[in-house]
Protein chains: 2
Amino acid sequence: MTASPTPPTSRSRRSAGDRRAQLVQIGLELLPTTPIQELTIDAVARRAGISRSLLFHYFATKREYYTAVTRAAADLMWAHLQPRPGTPADEQVAGMLDRYVGWVETYRESHLAFVRGAGGGDPWVADVYAETRQRLVEVALSTLGLPDDALRRQLVLAWFAFAEDLVGSWADEPTLSRPELLALLREILDRLVRSGH
Amino acid sequence: MTASPTPPTSRSRRSAGDRRAQLVQIGLELLPTTPIQELTIDAVARRAGISRSLLFHYFATKREYYTAVTRAAADLMWAHLQPRPGTPADEQVAGMLDRYVGWVETYRESHLAFVRGAGGGDPWVADVYAETRQRLVEVALSTLGLPDDALRRQLVLAWFAFAEDLVGSWADEPTLSRPELLALLREILDRLVRSGH
DNA sequence: TAGCTTGTTGAGCGTTGCTCAGCAAGCCGG
DNA sequence: CCGGCTTGCTGAGCAACGCTCAACAAGCTA
């Protein structure tokens with residue numbers, strides 16, 4: 001039919017890589033303001049200036065799109081937290097902790113939306129963050145020079161839940177000085193990870 | 001169409017209270033098997049042997065229904081955890097901790113679905129569990145005879161995140177004996193709640 | 001120019017949350 | 001038995017969303 005005879009669609013035609021990157025970028029921008037489950041494909045497409053159909057051309061399913069966005073967010077954090085080689089192990093852990101708190105301070109809303117989005121709702125999306133946490137635990141343990149057994153792994157993962165929650169509420173209401181917070185987190189982590197309970 | 005488990009007559013007509021209770025009950029049964037966001041009103045209605053419309057007669061919105069279900073779940077746990085009066089304060093806390101671990105052991109799937117469902121997705125639903133945690137923190141602190149300041153509150157809340165995560169993974173893979181787990185949780189809680197950081 | 005590749009679109013289908021006008025089950029006073 | 005009232009309950013239907021499909025069009029090459 002085409003009752004609307006080709007509106008002035010001098011819309012740009014992008015390369016596949018560009019388009020994908022643009023869509024993921026839009027997801028990263030929208031993630032903090034919108035709970036991941038409420039974010040509609042339509043909104044993303046409109047924001048990108050394209051039709052819904054095109055988004056499905058790049059991401060077969062909504063889930064696939066969201067996992068891509070989540071993975072991008074996880075990679076950003078991962079890159080930021082990487083330990084700086086060449087310094088003493090103790091300092092490396094302290095640095096990671098420091099950068100982690102800094103990360104949450106800076107991207108407070110988006111980080112929590114990310115963590116919570118990962119925790120609830122979709123298991124596929126949750127896996128992406130679980131995987132990132134696993135990697136963090138591995139790095140933490142190996143940096144500390146401690147064996148990576150099942151118990152320690154559980155404890156450090158639980159410590160992450162502790163740290164996420166505490167840093168989140170601390171960012172809202174700083175009841176501790178920043179160094180005190182860091183020291184407390186470090187102390188609990190040490191307590192958990194050193195043997196003998 | 002009314003192939004419902006209740007075949008008293010062609011169509012059973014229930015009192016408003018009965019129907020509400022039945023619907024909430026169905027929600028409690030479905031919560032463990034189905035992520036709260038994926039649970040459709042249609043499924044609940046079909047399971048109750050009623051039309052979708054009727055559910056919207058009792059709960060104006062899907063969110064309202066889910067918060068009612070979540071609140072019911074929270075109340076169950078709350079009742080189970082209540083400290084037994086008349087015993088020493090120390091024992092009361094130990095008892096609560098013990099019952100909490102027992103609760104997660106028993107209702108593992110539904111509890112985690114509940115907590116995660118509360119954590120992610122819908123903020124309204126999240127509030128219900130946040131409220132329950134607040135009440136638990138109050139009881140814990142007052143039982144321990146400790147002041148209820150902002151810092152302690154944050155720390156105990158974060159400890160809950162720690163405990164939920166740890167008990168959850170521990171139930172999957174018991175790397176510690178049960179008494180060891182309880183002692184560890186208790187020790188960390190004590191460490192956090194006693195002053196001086 | 002034709003022809004090929006590929007980024008892009010609109011029309012449309014099934015499901016789901018939600019609305020609304022109205023039916024029907026039970027109970028009353030005549 | 002009959003009207004009339006209350007109220008639990010339903011089916012048709014709308015809007016939004018995820019997702020599909022056939023086809024168009026922009027850019028390249030021969």
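By convention in this document, chain letters (A, B, ...) are assigned in the order of the sequence lines, proteins followed by strands, and residues within each chain are numbered from 1.
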Inset, instruction - Could you tell me how the ring of A:Tyr65 sits relative to the ring of A:Phe59: parallel (under 30°), tilted (30 to 60°) or perpendicular (over 60°)? - result: perpendicular
Inset, instruction - Taking only the side-chain nitrogens and oxygens of B:Tyr58, find out if one of them lies under 4.0 Å from OP1 or OP2 of D:dG8. - result: no
Inset, instruction - Looking at every strand, decide which applies to B:Ile41 at a 4.0 Å heavy-atom threshold: base, sugar-phosphate, or nothing. - result: sugar-phosphate
Legend entry - Below 4.0 Å: OP1/OP2 of C:dT15 and any side-chain N or O of B:Thr40: no
Inset, instruction - Tell me what B:Ser51 touches on the nucleic acid: a base, only sugar-phosphate, or nothing, going by heavy atoms under 4.0 Å. - result: base
Legend entry - Separation of atom CZ in B:Phe56 from atom C1' in C:dC20, rounded to whole Å: 13 Å
Legend entry - Between P of D:dA16 and CZ of A:Arg46, the distance in whole Å: 10 Å
Legend entry - Spacing between A:Asp42 atom CG and D:dC19 atom C1', to the nearest angstrom: 12 Å
Inset, instruction - Answer with yes or no whether B:Ser53 presents, from its side chain, a donor or acceptor under 3.5 Å of a partner atom in the base of D:dG11. - result: yes
Legend entry - Under 3.5 Å side-chain donor-acceptor pair for B:Arg153 and B:Gln134: yes
Inset, instruction - Respond yes when some side-chain nitrogen or oxygen of A:Arg14 is under 4.0 Å from OP1 or OP2 of D:dA26, and no when none is. - result: no
Inset, instruction - Ignoring the backbone of B:Arg52, work out which of D:dC9, C:dC18, C:dT8 is nearest its side chain. - result: C:dC18
Inset, instruction - Show your reasoning for whether side-chain contact (heavy atoms from CB on, under 4.5 Å) applies to B:Arg19 and B:Gln22. - result: CA-CA 5 Å; B:Arg19 195 56 96 184; B:Gln22 181 205 16; 2.8 Å; yes
Inset, instruction - Give one of base, sugar-phosphate or nothing for B:Ser15, where a contact means two heavy atoms less than 4.0 Å apart. - result: nothing
Inset, instruction - Tell me whether A:Val44 is reachable from A:Trp124 by hopping between hydrophobic residues (I, L, V, M, F, W, Y) whose side-chain heavy atoms are closer than 4.5 Å. - result: no
Legend entry - Angle between terminal axes - the helix from C:dT1-D:dA30 to C:dG30-D:dC1, 5 pairs each end, rounded to 10°: 20°
Inset, instruction - Provide, to the nearest angstrom, the distance between the OH atom belonging to A:Tyr65 and the P atom belonging to D:dC17. - result: 15 Å
Legend entry - Whole-Å distance separating the CG atom of B:Leu55 from the C1' atom of D:dG8: 14 Å
Inset, instruction - From the options C:dG7, D:dT10, C:dT9, select the nucleotide whose nearest atom is closest to the side chain of A:Ile50. - result: C:dT9
Legend entry - Donor-acceptor under 3.5 Å (A:Gln92 side chain, A:Thr87 main chain): yes
Legend entry - Separation of atom NZ in A:Lys62 from atom P in C:dT15, rounded to whole Å: 18 Å
Inset, instruction - Measure the acute angle between the ring planes of A:Phe162 and B:Phe162, then classify it against the limits of 30° and 60° as parallel, tilted or perpendicular. - result: perpendicular
Legend entry - Proximal nucleotide (of D:dC9, C:dT8, D:dC19) relative to the B:Arg13 side chain: D:dC9
Inset, instruction - Have a look at A:Leu166 and tell me which of A:Leu181, A:Ile188, A:Val101 forms a side-chain contact (heavy atoms from CB on, under 4.5 Å) with it. - result: A:Leu181
